[in-house]
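In what follows, chains are A, B, ... by sequence order, proteins preceding strands, each numbered from 1.
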Amino acid sequence: MGIKGIYKEIGPGKRISLTKLAVQKLQDSDRPLRIAIDISIWQFQAQAARGGTNPAIRTLFYRLLRILSLAIQPIFVFDGPNKPTFKRNKRSGRGDGVATAMAKRLIRLFGFQAHDAPGEAEAECALLQQNGIVDAVLSEDVDTIMFGCTQTLRNWSSEGTKGSKTPTHISMYDSRDLSQGASGLDREGMVLVALMSGGDYLPEGIPGAGVKVACEAARAGFGKSLCQLKRSDTSELASWKERLVYELRNNESGFFRTRHKALTIPDDFPNMEILRYYTHPVVSPVTTLDRLRQQTWDRPIDIQGLREFARETFDWSYRIGAIKFIRVLAPCLLVRKLVQRNTAESNAPKDGNAIENEESELVKSITSRRAHFSTDATPELRLSFIPTSIVGYDFQEEPDEVIDFGRDGLALNSDDEIEDLVEEVGDADPAAKSRAKKLFSPTDADLSWVPEIIARIGIPSMVADWEEAQRAKTIARSKPKASKQKAKTGGTASSSLDKFVRVTKNNVSQTTATEKATSSPTRLEPPRVRARTPLDAIPSSSQTSRPLLSSGLSSQKSQPLKPSKPPTTKPSRSKRNPPGPPAADANVNPWTIASSQGSPRVTKHKSSSTKAPEPILISSSPPSSPPKGVRSSKKAVVDPAKASGR
DNA sequence: TTCATGGCGTGACTC
DNA sequence: TTTCGCACGCCATGAA
Ligand SMILES: [Mg+2]
């Protein structure tokens, strides 16, 4: 339901290289960037791909490779069956069921997480981000902000007018910056904009009121005050509406550009069901969050499984297919292996030679350094590596496609997409290989640009040696007579821990220059301290007298944790609930609304367990991190609530 | 006149 | 047997 014209209001976001974002997180937090990805961002884009077999899923494959090479830890979120009732014409599943199953399989072969949302993926992603399970959400639009996401990424695509369409950049939206910015839109404000301007399937919007008028109303505080209304207080709601309409008509307080005498406000505006859709979307319960929190982000890549997937799905068959597979996978897998050397190393101290031996198994040499625009000048090193030794896959096992039984490297050079250059096929001259860069042999060295910090993690001593050599070179150039005897000051580290610390320090001092140069004011918030949602702990019985939305701080203070008190609304919930109009029930029983909203299908009992039944609370301002204990007690509170929904 | 809304058509991708 | 998004540019329309 992207709000039409919303980007004219909130701006284009910060366009930033995904490499830079990932590297910053690696530096600042000593761990990879974690993002939740709404899988639907590719549901249409991928259809545009042409050529070969299954180009759509192949597009996903290449994106997954890219994620791998960015050292990002993703969790892919799929839409679930519990769509809100007012979106009922849509249905996910059947049509792309096969594609969905394939996508999940591929994602898991990469060692990435595939996660099913109970309802809308966008809302689930926002929940994961709010709870610190991920740092940011990659989505189609900025709707996630209305679900409470504070770091939203969208439009992962190429940047600049240069020829390459390689997707390098994303647009980043920080909810805190947004509320401070010119639009002044926070979560509540955006929800009001959605409610007022409506949309194709948001009924009871105000016809003729678009994003401009709605934003003016939001800046005047009507979003916040609407969300702070006590539930089931119809007179307060009527008063809110009266004030809004009065200001629209007369513009007495000057909130609006002009008066709006001609607007016809529907009788049932605002639609509380839609409001609740944003404030209390159908998302996973805390138990699921805990499970996700405990899951490891470092699952191994199934190389053999990926090879078979590519053979069957993309028709990358025979030895030629295997070589193509190795060629695209190796540079990405190299990054993974470099980063893993940080954590995977045993604590046993190793001598310098052992370290250097391990390093040279991964990387043969470093050839150059750059600060390229495609990565926002994030420093990178060009690494030379042997594809087969990175992938560890024996392509020789695979039969040749044609009758050519030759098993020297020559036949391998005929890759299917280099026909343009195949004039040289049959030319056995090795020099021809270097002339035509596209001639690829998986056993020969290949080159790849890797962020310098990642190289420092995986091959620290090789980087140190290379830097020393570079330094010597420049010195030699400026003062040819100077001796290169300057000993390696750093030398090889005595332990892996020391090594990493040293490397990190070096890298910080080294990269601050470039950071300042590019002057990026944007950075991710520290995620760990960010366990939010203190409000889930609210006893259900307090709902009817509680604000629909209020500030996180005050409500947290005022919420007594009463795990022992079961909800008293069970009777009304237990009668078979038709998905019919909940508006009538809304003032009577919030639980009814919650459940009806959650399940378009009456037969789905699951909805009651997946719907977080607690009322309330949007806190658009950054929350104070709750103490660790809150989380566990919250669990205790929610469980009975969940049981009551049965 | 100026401004905002809403309807319509179109593109996205990799090799 | 049901279905599906979003953003952008262009233009007509109507309100103030
Ligand atoms: Mg959306």
### Query
Could you give the distance from CD1 (A:Ile75) to CG (A:Leu138), rounded to the nearest 0.5 Å?
13.5 Å

## Note on the structure
Minimal heavy-atom distance between A:Leu192 and A:Gly223, with the atoms involved, is CD2-N, 3.5 Å

### Message
Once you apply a heavy-atom cut-off of 4.0 Å, does A:Gly210 come out as touching a base, just sugar-phosphate, or nothing?
### Response
sugar-phosphate

## Note on the structure
note: A:Phe325, atom CZ; B:dT14, atom P; distance rounded to Å ~ 19 Å

### Query
CZ of A:Phe256 versus P of B:dT2: gap in Å, rounded?
24 Å

## Note on the structure
When A:Ser197 and A:Pro167 are each assigned the nearest nucleotide of DNA chain B, the 5'-most assignment goes to A:Ser197

#### Entry: Separation of atom CH2 in A:Trp42 from atom C1' in B:dG11, rounded to whole Å
19 Å

### Query
Does anything in residues 47-56 of chain A pair up under salt bridge (charged side-chain N to carboxylate O under 4.0 Å, His left out), and if so which pairs, sequence neighbours excluded?
none

### Nearest-angstrom distance, P atom, C:dC4 to B:dC8
16 Å

### Message
Rounded to whole Å, how long is the line connecting atom CD1 of A:Ile6 with atom P of C:dG5?
### Response
19 Å

### Pi-cation contact, A:Phe78 with A:Lys104 (under 6.0 Å, within 45°)
yes

## Note on the structure
Closest to the side chain of A:Phe44, out of B:dC13, C:dA7, C:dC4, is C:dC4

### Task
Kindly write out the residues that satisfy side-chain contact (heavy atoms from CB on, under 4.5 Å) with A:Arg259, not counting sequence neighbours, or none if the list is empty.
A:Asn251, A:Lys261

### Task
Select from A:Gln45 and A:Lys8 the residue whose nearest nucleotide in DNA chain C is closer to the 5' end of that strand.
A:Gln45

### Message
I need a per-nucleotide contact map over nucleotides 10-16 of chain C, read 5' to 3'. Cutoff is protein heavy atoms under 4.0 Å; write B for the base, S for backbone only, - otherwise.
### Response
-----SS

### Message
Between B:dG9 and C:dG5, how many Å separate the two C1' atoms, rounded to a whole number?
### Response
15 Å

### Message
Need to verify one output field. Residue with the more 5' nearest nucleotide on DNA chain B, A:Thr59 or A:Ala209?
### Response
A:Ala209

### Message
If I take atom CG from residue A:Asp268 and atom NZ from residue A:Lys241, how far apart are they, to the nearest 0.5 angstrom?
### Response
7.0 Å

### Query
Using a distance-only test with no angle check, is there a side-chain donor-acceptor pair under 3.5 angstrom linking A:Ser157 and A:Arg15?
yes

### Task
Rounded to the nearest angstrom, tell me the gap between atom CG in A:Asp141 and atom P in C:dC8.
11 Å

#### Entry: Rounded distance (Å) that lies between atom P of C:dG5 and atom CD of A:Gln43
11 Å

## Note on the structure
Side-chain atoms of A:Lys212 come closest, of C:dG5, B:dA4, C:dA7, to B:dA4

### Message
Using whole Å, what does the distance between atom P of nucleotide B:dG11 and atom CD of A:Glu140 come to?
### Response
19 Å

### Query
Does A:Tyr7 place a side-chain N or O at less than 4.0 Å from the phosphate oxygens OP1/OP2 of C:dC8?
no

### Query
Over how many whole Å does the gap from A:Ile206 atom CD1 to B:dA4 atom P extend?
17 Å

